[in-house]
Each structure stands twice: as C-alpha cells, then as structure tokens.
Number of protein chains: 2
Amino acid sequence: MHRAHALAGQCLGAIAGEMGLAVPHNLSRHKGWVGQLLEQALGADAESLPEPDFRAIGVEMKTLPLDHNGKPCESTYVCAVPLDAGLEPSWEESWACRKLSRVLWLPVEAQPEIPLPERRIGTPLLWSPNDGEREALQQDWEELGEMIRMGELEFITARMGNVLQIRPKAAHSRVRCHSIGADGEAILTHPRGYYLRPAFTHAILRRHGLVP
Amino acid sequence: MHRAHALAGQCLGAIAGEMGLAVPHNLSRHKGWVGQLLEQALGADAESLPEPDFRAIGVEMKTLPLDHNGKPCESTYVCAVPLDAGLEPSWEESWACRKLSRVLWLPVEAQPEIPLPERRIGTPLLWSPNDGEREALQQDWEELGEMIRMGELEFITARMGNVLQIRPKAAHSRVRCHSIGADGEAILTHPRGYYLRPAFTHAILRRHGLVP
DNA sequence: GAGGATCCATGCGTGGATCCTG
DNA sequence: CAGGATCCACGCATGGATCCTC
C-alpha cells in the first residue's frame, strides 16, 4: 500500500520512464499494458501465473480506467468461466470468489483525449467485498452457474447478472473450447470469462469516497 | 510415399533452397530443424499438434540420423510419459503404441564432418511393427509402466528397457511437473519421454535392407 | 557410447485488459 | 452504451530432436 500510494498522482509516462519502458502510442494493440506496467511497478511476483499477483499476501491488482466523471469506462475481467470440469461446488470455493476476496484497485485516467503518457494514477484502494457486494456477486454467480449446469451455456448473454456478467474471452471469435452440453455430451463452444459491470466497480469507488 | 521417394538422394540444402528456407549453421540451436523441414516438404498438416503428422492417413514421420555405417546415431523420441492421470490401461491403448503404429522413417546422413546443407536423405520406409517388434515394445512398456504405478518413477533410469527407454524430456533439468508418488501423494518430478534405442531402429532398417 | 541435459517452434490457456459496432 | 470481439505477454505442454559429458 505504501508503494501504491506513492504511485498516486503520477502519470504513466513518468512511471514507465523510471522503469526504462517505452509507452505505446495507444492501447489498441497493447490492451494490457497499463495493468502490466503497474504490476511491475508494485513488484508483483506472479505475472502471468494462475496465482494472486502478490502471492504472499493474497492480493489481486486491477487497474480501473475512469472517464471524465470518475466512472469506470470498462468492465473488469475476473477469471475464465470453467466449462469443462464438473462445475464448482459453491461460491465460496469458486475461482471468481477467490479472485475477488482481496483486490487492490488502481484507478487510472482513461479519457481518450488525454495522451497515454499523461494519464494519472488515482488513490489506490485495497478492497474486499462487504456483505451487500458479496451477496450480489454470489447471486449472479449462482444463477449463471445454474444455467451452465442445465446445459444452457449457449443461451447466456452479457445482459444477465446484475453485477457479474459472462462475456466472450478469447483471441478471436473462431476460438473454441470443450464444454458439456445439455445431455452431458461434449460440445465445442466459445471460451468465456466473468466480468464485473462498470456500475459495480463505480459503486465500490463511491463507497470509499474515491470518486463523486 | 511418392513425395518421400522423390526426396531420397536429395541433400538438405537443395530441399531447403526449393522451399525458400535458410539452412542453420549447425543443429545445436536448431535440433528439430531437419525434422520440421522434411515434414513441411512432405506436406504434413499437423505440425506441433498432438496428432499424427499426416492426419488423414494416420502416419507419423520421423527422421533417423545415420552415422557413416548406416547406424542411427541417436535415439528416437516417441512421446511424453504420462505421469499425472491414472496410468494408461493397456499397451494397445497407450499413446506410445498409437504413435508407433505407422511410422514413415526418413534416414538422413548425420556424420558431423558433412556440412548440414550437403547431408542427403535416404530411402524412405513406411513401417509398422512386426510381431517381434511389437512384443519387445510392449514388454518394455509394461515393465516401465509397472514401476511408475508402484511409485518407483524416480528409480527409473535410461538403462532400463531393451528397445524402449525413459529419459528426461524438458527444456532443462530445473523443469518440474506433477506426478503421483508411491503413496498416491502428489509429487514434483522431471518430465520424461519414451525413446526408441538406436539398436532398435537400426534393426528396422536392416530388416528392410536399407542399411548394411 | 549413451544417459541425462538441453534447444527451438508452436498451440493453448490464463492474465493483463480495451476495442468497436449495432 | 455495452455486448460481443479482439489484442499482447507469457508459462506450460507437446512435437521436432541433438548435445555433451562422464
């Protein structure tokens, strides 16, 4: 948290410069660049491993791109939706729950009109879900999981879920993975991920007084 | 086979040249180059996939580096040794057996004193194991598999097996993978592969009159 | 001579996310 | 606006094998 607070107010160009890294011209071909820069700046030790970013303290770091009103302008990827194995037994044991149990949010300016190097980091927030947030997440997770168990995966759209949604997550739409159909047969489908809706992350920031 | 016979007598430099590929100075940093060149030259369609090289006809292609006497100077990699899952039920259903059921052998000159571009391809051989070969393979496979089932994986050395042996197969010796120990507990061990001894592949070539 | 160690290519999955139309 | 599509990095596994010391 000390290191995270030290980043607050700094702009991406300055941070990258101190680390000897070049800033890409835009994010369209480097969508994960900001997240990877800040993970490295904070000394995350599990980059690209299926582990919390900061292993010893069980903390996930996530950037939160904010628009001019301080509202997250994108959803937040949580984890892949497990489609093959028998489904996860409970919310508490789910991959999504574990990912979201302790998150270090790093707000980052994301107005398109601000050049990437000049975008600033906001006040960091080490967050765990409160009771209401946990209930909302769990309810969405259970409803979506029930559909998957019923073999209704193909009918799930991003419109479902109040705070947690399921959307495609792949290099492109031709990618397929194995899953289980309604009759228990093997089927090919699109890889999907769980995402937090912007309204949900916005509410988190508001609850902690970090944005209007 | 028509295409394979057309390669016989040609040297690697000519084949690479026709394909517009550069010949590396030596193989030490390009150990698989000859195999990949010839797969491409023959139109294999499953490069780097866990499938037979020629999917439609179920054929594996393998180069066989020969010394000045026409004896294979290296062992032949077959497949990875499955260490995690429950072991394979039978030789007939094993990965190794399926890999070896139809192999297109391409002998290649491998004397170090011949520059890589000048090394020639020999007569191709489309081979399936005869009864004796099958029995020898199966016996080794069953003995090695029994040791793995007994949790004696760490005691297996490359000295075991008359025709089929188990040796390390990894980027380097620090690589570890998950396996099952003697008491059924999860352990970390080195990834290993099945290999055919040179004496075995030598006998195949001799049986078909391709080498002295 | 051969057992143990190593090297490159490529597909796939996870982890980091944002892009881009209707 | 946001659902569906897409982009890069990297670890790991498989597939192609040969290297390099005892």
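Naming convention: chains lettered A, B, ... in sequence-line order (proteins, then strands); numbering from 1 in each chain. Worth saying up front: this structure is predicted, and the values here are computed from it rather than measured.
- Among the heavy atoms of the strands lying under 4.0 Å from Gly35(A) are primed sugar atoms or P, OP1, OP2 only; no base atom is included.
- Proximity note for Gln36(B) (side chain, C-beta onward) versus dA9(C), dT14(C), dT6(C): the nearest is dA9(C).
- Using cut-offs of 30° and 60° for the angle between ring planes, the Trp127(B) and Phe200(B) rings count as perpendicular.
- Distances shown here put every side-chain N or O of Ser75(A) at or beyond 4.0 Å from the OP1 or OP2 atom of dG3(D).
- Straight-line distance from the NE2 atom of His172(A) to the P atom of dC7(D): 8 Å, rounded to whole Å.
- Atom OH in Tyr77(B) sits roughly 17 Å away from atom P in dG4(C) (whole-Å rounding).
- Within the 4.0 Å cut-off from OP1 or OP2 of dA5(C), not a single side-chain nitrogen or oxygen of Lys169(B) is found.
- For dA2(C), the base has no donor-acceptor partner in the side chain of Tyr195(B) [N/O atoms by modelled type, under 3.5 angstrom].
- Here Lys99(B) reaches the OP1 or OP2 of dG15(D): one of its side-chain N or O atoms lies under 4.0 Å away.
- Defined by atom type and a distance below 3.5 Å, a donor-acceptor pair is present between the side-chain atoms of Gln139(A) and Glu143(A).
- Close to dG3(C), at under 4.0 Å from its OP1 or OP2, lies a side-chain N or O of Gln165(B).
- Contact annotation: Arg197(A) reaches the phosphate of dG3(D) (side-chain N/O to OP1 or OP2, under 4.0 Å).
- Proximity of Lys62(A) to the phosphate of dG16(C): a side-chain N or O atom is located under 4.0 Å from OP1 or OP2.
- In this structure, Arg29(A) reaches the dC8(D) phosphate: one of its side-chain N or O atoms is under 4.0 Å from OP1 or OP2.
- Between Arg159(B) and dG4(C) there is a side-chain polar atom (N or O) within less than 4.0 angstrom of OP1 or OP2.
- Contacts of Pro65(B) with the nucleic acid, taken as non-hydrogen atoms under 4.0 Å apart, involve only primed sugar atoms and P, OP1 or OP2.
- Rounded to whole Å, atom C1' of dG15(D) lies 17 Å from atom OH of Tyr194(B).
- Put simply, CG on Leu27(B) is 12 Å from P on dC8(C), counting in whole angstrom units.
- For Thr63(B), a side-chain nitrogen or oxygen approaches OP1 or OP2 of dA17(D) to under 4.0 Å.
- Within the structure, every side-chain polar atom (N or O) of Arg167(A) is placed at least 4.0 Å from both OP1 and OP2 of dT6(D).
- In this structure, the CH2 atom of Trp105(B) is 12 Å from the C1' atom of dA17(D), given to the nearest Å.
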